[in-house]
There are 2 protein chains.
Amino acid sequence: MSTSNAKTSVRSYHHGDLRAELIRSAQVLLEREGVTKLSLRAAARLAGVSQTAPYRHFTDKAALLAAVAAVGFRGLAAAMRRGAARAGSAEKRMLEIGSAYLAFAVENSAVFRLMFGSEIPDKAAHPELRWAAEDAFAVLAGEMPAGPDGSDAAIAAWSFVHGLATLLIDGQIRSEMSAGAPFDPVALTRRFGRFLDFSKARVGRQT
Amino acid sequence: MSTSNAKTSVRSYHHGDLRAELIRSAQVLLEREGVTKLSLRAAARLAGVSQTAPYRHFTDKAALLAAVAAVGFRGLAAAMRRGAARAGSAEKRMLEIGSAYLAFAVENSAVFRLMFGSEIPDKAAHPELRWAAEDAFAVLAGEMPAGPDGSDAAIAAWSFVHGLATLLIDGQIRSEMSAGAPFDPVALTRRFGRFLDFSKARVGRQT
DNA sequence: TCGGGTATGTTGCCGTTGTCAACATTGGGA
DNA sequence: TCCCAATGTTGACAACGGCAACATACCCGA
């Protein structure tokens, strides 16, 4: 928003990089109003462009949403990688990755819901989105030993942290937590993650 | 559909139980076309009633969706209870409950997505929905020891199985599974659930 | 330099949806 | 029996996704 290019005010017909600006507009609307108020027309309005201009860059409303979701996955992956880099031991890295996942979900809940919800029908039809999602998963899987056991452990870890994030932003387990606490993702991950045990997957091989 | 009551054809102005019929119509549309094609008007059409008749029974489109989701939560709770009743030991009960959760999500994926998605904004505004959700969670929590540790363990278990279900119906981990297998929820729950360890929560107390 | 083709953006339009206001019908209680 | 409140209908409005036809401007080759 503070990075708005000066061109915006003086452009005469062509925009310059409307595609990127539409994605940004969609993100703004998503954060501000929620996914129900995010329409192609609203994004176009916010970008200062006619209501059908987006169709020159996205075949569909779903295509715009998929692009926004893909950006979200890249952000999630980056956050997890930052978390992993912060810690040394394998134990601590898993903890950091999990809490990065949780923090991302809570701080970007609208995008997170878009990434995993059903607003984008047939996500498989958007390769960019699939790649971004697979790359995010790869961060988690990279912490696990190779082989089928490690793969299963990665899925279990992902399932756990993903479920926890989902239920959290849905308010489904808010009452169960220490209400009033200011959301400490590391503490939450440690508190609930202590029921996970990946030692079985680790004995077979090493990192 | 085969259970259409005979009254439908001879009703003259008042329907009899339009509220229930609208919920049924919405379920049918949801299963048949997905959540994107589920509109108030379509439900009204399917119920053979004018497009604004639903507003006599639901304040909102969200209210109809919430009612459908609440029915879903009741079905999920019932499925888990059936699973729990099928097994004796605590271990086996957890396994059955988890696989019932998974089976429900896969076999009723559209309703499941509605239950946990963002199509219903502000779910807290629908008490019936909240009660149904809390009752479903109570099935899981009932398997855990009382006290804070047991509560945490219940949340961890719920998070795990919920995340697994979500990622499954999203196709996000399909490639990781033995492709082509005909979906065995019990096997899946056992395979990934082996990384969970609730013995720490059990030592404090008993069932 | 210039002319045209193509990428990009606009205008006008259509069918559908959620929702409101005003009106119609009916069944059940006084 | 009669009337009122519950229930259902008609008509309308704005917003939406998406199509078709048209306008503009940038770029590339002659």
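Per chain, numbering begins at 1; letters A, B, ... match sequence-line order. Bear in mind the structure is a predicted one, so any value in this text is a computation, not a measurement.
Close to D:dA6, at under 4.0 Å from its OP1 or OP2, lies no side-chain N or O of B:His57.
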Please lay out, stage by stage, how A:Asp149 and B:Arg194 fare under the test salt bridge (Lys or Arg N to Asp or Glu O under 4.0 Å). CA-CA 11 Å; A:Asp149 248 36; B:Arg194 71 181 198 271; 2.8 Å; yes
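In this structure B:Glu119 satisfies the salt bridge (Lys or Arg N to Asp or Glu O under 4.0 Å) test with no other residue, sequence neighbours excluded. Checked against ring pair (Phe, Tyr, Trp, His ring centres under 6.0 Å), B:Phe73 has the following partners two or more places apart in sequence or in another chain: B:Phe116. Residues passing the salt bridge (Lys or Arg N to Asp or Glu O under 4.0 Å) test with B:Arg81 are B:Asp135, sequence neighbours excluded. Applying the salt bridge (Lys or Arg N to Asp or Glu O under 4.0 Å) test to A:Lys61 and every residue at least two apart in sequence or in another chain returns nothing. Shown here are the ring pair (Phe, Tyr, Trp, His ring centres under 6.0 Å) partners of A:Phe58, two or more places apart in sequence or in another chain: there are none. Considering only residues two or more places apart in sequence or on other chains, A:His57 meets the side chain to side chain contact (heavy atoms under 4.5 Å, CB included) condition with A:Leu18, A:Arg19. For A:Arg41, the side chain to side chain contact (heavy atoms under 4.5 Å, CB included) partners two or more places apart in sequence, or in a different chain, are A:Ser39, A:Arg45, A:Gln51.
Looking at heavy atoms from C-beta onward, B:Tyr101 lies out of side-chain contact with B:Leu164 at the 4.5 angstrom threshold.
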Residues 181-190 of chain A side chain polar contacts: donor-acceptor under 3.5 Å, at least two apart:
residue	atom	partner	partner atom	Å
A:Asp184	OD1	A:Val186	N	3.1
A:Asp184	OD1	A:Ala187	N	3.2
A:Thr189	OG1	A:Ser99	N	3.4
A:Thr189	OG1	A:Pro185	O	2.7

Cut-off 3.5 Å, no hydrogens considered: what does the side-chain donor-acceptor table look like for residues 104-111 of chain B, sequence neighbours left out?
none

For every nucleotide of nucleotides 13-21 of chain C, 5' to 3': is a protein heavy atom under 4.0 Å from its base (B), only from its sugar-phosphate (S), or from neither (-)? B---BBBB-
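One atom, CG of A:Leu64, and another, P of D:dG18, lie 11 Å apart when rounded to the nearest Å. Residue A:Asp17 contributes atom CG, which lies 15 Å from atom C1' of C:dG9 at whole-angstrom precision. Rounding to whole angstrom units, CG of residue B:Leu22 and P of D:dT7 are separated by 13 Å. Between the CG atom of A:Leu65 and the C1' atom of D:dC16 there is a distance of 13 Å, given to the nearest Å.
With axes fitted over five pairs at each extremity, the angle between the ends of the helix from C:dT1-D:dA30 to C:dA30-D:dT1 is 10° (10° resolution).
Shown for residues 114-122 of chain A: no residue has heavy atoms falling under 4.0 angstrom of DNA chain D.
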